[in-house]
Amino acid sequence: MNTTCWPKAPLVEEDVDCIDRVLRGWCARRGLAITDDASSLKARELIGWYEFGIRSPAELARLIEDDGL
């Protein structure tokens, strides 16, 4: 049996809560539902930034605001 090496640490509840708060704020500012396609794309983007090492909610919010939407 082969083993897959995954270099990323799993997201814990506090991580998910942080990402969720930032995403919900982004959705509220745009009048979007959390289930909209644009929201799903932003969620993926946020997770990517978070896994890259950006943990500040303010910085995460700034990064996803700079997209022209």
Side-chain angles (χ1 to χ4, degrees):
M1 176 191 262
N2 291 333
T3 313
T4 301
C5 179
W6 186 254
K8 299 177 186 175
L11 295 176
V12 295
E13 184 176 353
E14 293 82 18
D15 301 331
V16 175
D17 289 345
C18 175
I19 292 167
D20 184 64
R21 280 190 307 275
V22 173
L23 180 62
R24 286 182 186 280
W26 183 87
C27 290
R29 287 188 294 280
R30 284 165 177 70
L32 297 172
I34 197 81
T35 56
D36 287 348
D37 289 342
S39 301
S40 295
L41 292 173
K42 280 297 150 184
R44 285 188 211 119
E45 186 178 334
L46 278 168
I47 291 168
W49 284 119
Y50 203 90
E51 288 178 332
F52 185 70
I54 299 169
R55 303 297 164 95
S56 162
E59 183 66 11
L60 289 167
R62 188 191 65 75
L63 286 167
I64 65 169
E65 289 296 332
D66 292 342
D67 65 358
L69 287 179

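Any value given below was found using the heavy atoms of this structure, including those in side chains, with hydrogens, waters and symmetry copies removed.
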| field | Contact summary for Cys18 and Tyr50, nearest pair of heavy atoms | value | SG-CE1, 4.1 Å
| request: Just grab all the salt bridge (Lys or Arg N to Asp or Glu O under 4.0 Å) pairs involving residues 10-27, residues at least two apart or on different chains. | output: Asp20-Arg24
| note | Output for pair (Arg29 CZ, Cys27 SG), nearest 0.5 Å, gives 9.0 Å
| Is any side-chain N of the basic residue among Arg62 and Glu65 closer than 4.0 Å to the acidic one's carboxylate O? | no
| request: Treat each ILVMFWY residue as a node, draw an edge where side-chain heavy atoms are under 4.5 Å apart, and state whether Leu41 and Leu23 are in one component. | output: no
| remark: On a heavy-atom basis, the closest approach of Ile54 and Glu59 is CG2-CG, 3.5 Å
| Which heavy atom in Leu32 sits nearest to a heavy atom in Ala38, and how many Å separate them? | CD1-CB, 4.1 Å
| note | Smallest heavy-atom separation, Lys42 atom then Ile64 atom, equals NZ-O, 3.4 Å
| field | Closest heavy-atom pair and its distance - Ser39, Ile34 | value | CB-O, 3.3 Å
| query | Would Ile19 and Phe52 show up in the same hydrophobic cluster when neighbours are defined by side-chain heavy atoms closer than 4.5 Å? | reply | yes
